[in-house]
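Each remark here refers to the structure printed beneath this line.
These values consider heavy atoms only, across backbone and side chains, with no hydrogens, waters or symmetry-generated copies.
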Amino acid sequence: MKYSYKIQENEFWWGGAVSDGSVLPFTNAGEYELNFLVNRTYNQVNPLFVSSHGRYLYIDGKCIIHADGEYLTVSEAGRNVFFEEGFSSLKEAYLAAAKRFFVKEKKPVPEITYAAPQYCTWMEMLRNIDQEKILAYAEGIVKRKMPPGVLILDDGWMEGYGEWSFRKKAFPDPKAMIETLHKQGFRVILWICPFVDRTAAEFKMLEEKGALVRTAEGKTAERVWWSGKSAVLDGTNPNSFGWLGERLDALMRDYGVDGFKLDAGDAFYYESDDITCHPTTPNGQSLLWAEFARRYEYAELRACVGMGGASVVQRLSDKRNDWNEKNGLGSLIANMIQSGLCGYMYCCPDMIGGGNESDVKGDRFVEDEELVVRSCECAAMMPMMQFSYAIWKKNSFLSEIAQKFAKLHTSLAPYLKELAIESAENFEPMLRCMEYEFPHCGLERVKEQFMLGSRYLVAPVIKKGERKKKVILPEGSWLYVPENRVYGPGVTEVDAPIDVLPYFERVRT
């Protein structure tokens, strides 16, 4: 079936795919398309679109969204297409849709996930991790008085894909390691994925129980992904996540693991004609992976279909170690805005400096020191910030930067807690675009600044070489915190030397 809605003059639309932040909002002056038949982006999607004119469109099921400059069209959809208008603003339309369609959990993610920085072994160690390196990494954080938080042991801790046990030679005593990390104040989560290698000890058992996806020809499907070629779990078969859940529960029980980073789960690793235990779609498999994540208090997802409002940490996809607006530092603000308006309120802006494996070549990752510094500043006042590369040990300047902005982030913990509770109660995004907080003020296209809740206006420098930042201040008075100076509304330019994050606090009268 096909549905069309006229795009109004000066109307701006957000939503759909988190990774489309750089090309949104769309208007009647351009084109936009998103295929919801299979999510082929590397991040979360949610079939909700919301408008600055107080309208929303929600599609419960597969479809293709197309905006051609005149009409917003939904094609290849079923009957569950919901369009509503008459709301006063983007915010009012979003909240109405969220209340009607989102997961209703009424609990925020664990406080430590946003109240302190997160740390991940990925860019620091890649797959070459072991007990000694992890303990040294944590000790370095504590010694430099960086606040402990969630510590993610990424790919490489386990025997293999589908063998979720610690590598014996690399981890002689994982229980003692985790006990030490807990005493230092960390929460420890492990990277996992839904892939199973043929060499895994339990591959044959899983295959015989029908726990692995099969091709249309009836053979066990093996899909190419970034770490090789593997079979993939069938989320529709109780034997699949039942088996995985038992393995993960044992890690928590036997070693004190706190939770899991559930990577992959992307819809594009499945095919529409796959043979599965129960009928589903590629997007349906991705949704089942996200639902599996919800059983754990500490859980992180990168790929997700639907699940707006769920109490799970959602991370932006791996960013490149560059400045570009498509997948580098320049994309962070726009994609974080998108995340909130898609219903993923508890979002982390990937690792500081980027998290793309191809950017680790010798010391190349920190060749552009300015980029790493500005990345740290950009994340500091987002709902979450995550370190990986140990920039605090690179040189004294980067060490000071890491400590300064980690301290800034932790100083916001009480306010972030207020926002997280608010998100759990009514789905308010923690990070918001200007139009959300200040409707109909001509701020729809602003994507180089954001609001943290309703109190802070944050304008990170995201362009190389800039030492001043042009900011658009809405109505009211605004305290420029780095200089303790009050500004009124309008366009203003502030100094932004390399170690300064431009941000303002709203002056309440």
Side-chain angles (χ1 to χ4, degrees), residues 2-36 39-41 43-59 63-77 81-98 308 324-327 330-344 429 431-451 457 459 462 470-475 491:
K2 187 174 181 179
Y3 307 81
S4 290
Y5 308 94
K6 188 171 181 59
I7 302 173
Q8 298 173 355
E9 195 71 26
N10 296 317
E11 182 178 27
F12 296 79
W13 287 87
W14 290 261
V18 168
S19 60
D20 281 349
S22 62
V23 297
L24 293 177
F26 65 80
T27 68
N28 66 352
E31 291 195 18
Y32 174 77
E33 184 167 290
L34 182 63
N35 188 327
F36 270 109
N39 174 27
R40 298 198 180 278
T41 78
N43 246 147
Q44 304 85 359
V45 296
N46 202 15
L48 170 67
F49 289 84
V50 288
S51 150
S52 60
H53 284 192
R55 308 199 291 171
Y56 74 73
L57 172 66
Y58 183 82
I59 308 96
C63 67
I64 295 176
I65 298 288
H66 181 73
D68 62 3
E70 185 175 5
Y71 288 96
L72 173 58
T73 302
V74 184
S75 58
E76 299 192 40
V81 176
F82 306 89
F83 181 83
E84 195 167 354
E85 56 189 340
F87 301 102
S88 66
S89 63
L90 169 71
K91 177 177 180 177
E92 191 174 311
Y94 164 80
L95 292 176
N324 76 66
E325 295 179 5
K326 183 173 177 59
N327 199 34
S331 70
L332 288 189
I333 298 173
N335 287 356
M336 288 293 287
I337 286 169
Q338 271 285 94
S339 181
L341 290 174
C342 287
Y344 305 114
L431 184 150
R432 306 164 187 175
C433 64
M434 300 304 296
E435 175 67 17
Y436 188 94
E437 277 297 311
F438 302 95
H440 317 307
C441 293
L443 302 174
E444 300 94 342
R445 297 185 188 275
V446 176
K447 291 193 284 188
E448 291 197 359
Q449 61 189 61
F450 62 88
M451 295 295 298
L457 188 157
I462 53 175
K470 186 176 288 186
V471 185
I472 303 175
L473 296 173
E475 59 191 18
V491 178

Criterion side-chain contact (heavy atoms from CB on, under 4.5 Å) on Met336 and Phe450, from CA distance to verdict: CA-CA 9 Å; Met336 288 293 287; Phe450 62 88; over 6 Å; no

Residue pair Leu443, Glu437: steps toward the side-chain contact (heavy atoms from CB on, under 4.5 Å) verdict: CA-CA 10 Å; Leu443 302 174; Glu437 277 297 311; over 6 Å; no

Pair Ser52-Trp13, side-chain contact (heavy atoms from CB on, under 4.5 Å): steps then yes or no: CA-CA 7 Å; Ser52 60; Trp13 287 87; over 6 Å; no

Working for side-chain contact (heavy atoms from CB on, under 4.5 Å), residues Ile65 and Asn35: CA-CA 6 Å; Ile65 298 288; Asn35 188 327; over 6 Å; no

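Here Lys91 pairs with Glu428 under the salt bridge (Lys or Arg N to Asp or Glu O under 4.0 Å) rule; sequence neighbours left out. By the salt bridge (Lys or Arg N to Asp or Glu O under 4.0 Å) test, Glu76 is found to be paired with no residue, residues two or more places apart in sequence or in another chain being considered. Partners of Glu92 by salt bridge (Lys or Arg N to Asp or Glu O under 4.0 Å), not counting sequence neighbours: none found. Tyr58 meets the ring-ring contact (aromatic ring centres under 6.0 Å, His included) test with Phe101; sequence neighbours excluded.
Donor-acceptor pairing under 3.5 Å is recorded for the side chains of Tyr56 and Glu84. Thr41 and Asn43 are not linked by any side-chain donor-acceptor pair at a separation below 3.5 angstrom, with hydrogens and angles left out of the test. Neither side chain, Ser331 nor Ser22, offers a donor N or O lying under 3.5 Å from an acceptor on the other.
Side chain of Lys2 to backbone of Ala77: no donor-acceptor contact under 3.5 angstrom is found. A distance-only check finds no donor-acceptor pair linking the side chain of Glu33 to the backbone of Ala67 [under 3.5 Å]. At least one donor-acceptor pair under 3.5 Å links the side chain of Ser339 to the backbone N or O of Tyr344. A donor-acceptor pair under 3.5 Å is absent between the side-chain atoms of His53 and the main chain of Gly86, judged by distance alone.
Here the side chains of Pro474 and Leu457 are in contact, with some heavy-atom distance below 4.5 Å. Side-chain contact check for Cys433 versus Val446: every heavy-atom pair is 4.5 Å or farther apart. Between Ile7 and Tyr71, the closest side-chain pair of non-hydrogen atoms is not below 4.5 Å.
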All N/O donor-acceptor pairs, side-chain side in residues 24-32, below 3.5 Å, sequence neighbours left out:
{"unit_1": "Thr27", "atom_1": "OG1", "unit_2": "Ala29", "atom_2": "N", "d": "3.0"}
{"unit_1": "Asn28", "atom_1": "ND2", "unit_2": "Glu9", "atom_2": "OE1", "d": "3.2"}
{"unit_1": "Tyr32", "atom_1": "OH", "unit_2": "Asp20", "atom_2": "OD2", "d": "2.5"}

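Between Gln449 atom CD and Ile462 atom CD1 the span is 10.5 Å, to the nearest 0.5 Å. The CD1 atom of Ile333 lies 8.0 Å from the CG atom of Leu431; values are rounded to the nearest 0.5 Å. The SG atom of Cys441 sits 11.0 Å away from the CD1 atom of Ile472 when rounded to the nearest 0.5 Å. In this structure, the separation between OG on Ser51 and CD on Glu444 is 10.0 Å, given to the nearest 0.5 Å. In this structure, CE in Met451 is found 12.0 Å from OH in Tyr436, a value given to the nearest 0.5 Å. Here Ser4 contributes atom OG and His66 contributes atom NE2; the two are 10.0 Å apart, rounded to the nearest 0.5 Å.
Smallest separation of non-hydrogen atoms from Gly343 and Tyr94: CA-OH, 3.9 Å. Shortest non-hydrogen contact noted between Cys342 and Ala17 is SG-N, 4.3 Å. Here the closest heavy-atom approach between residue Gly308 and residue Asn46 is recorded as CA-ND2, 3.8 Å. Asn335 and Gly21 get closest at one heavy-atom pair: OD1-N, 3.1 Å.
Sorted by first and then second residue, the salt bridge (charged side-chain N to carboxylate O under 4.0 Å, His left out) pairs with a member in residues 43-56 read Glu11-Arg55, Arg55-Glu85; sequence neighbours excluded.
Just one of His440, Glu435, Met434 meets the side-chain contact (heavy atoms from CB on, under 4.5 Å) condition when paired with Phe438; it is Met434. Each of Leu72, Ile59, Leu57, Val81 was evaluated against Tyr3; a single residue qualifies, Val81, per the side-chain contact (heavy atoms from CB on, under 4.5 Å) test.
Atom CD of Glu475 has 12 or fewer heavy atoms from other residues, nucleotides or ligands within 6.0 Å.
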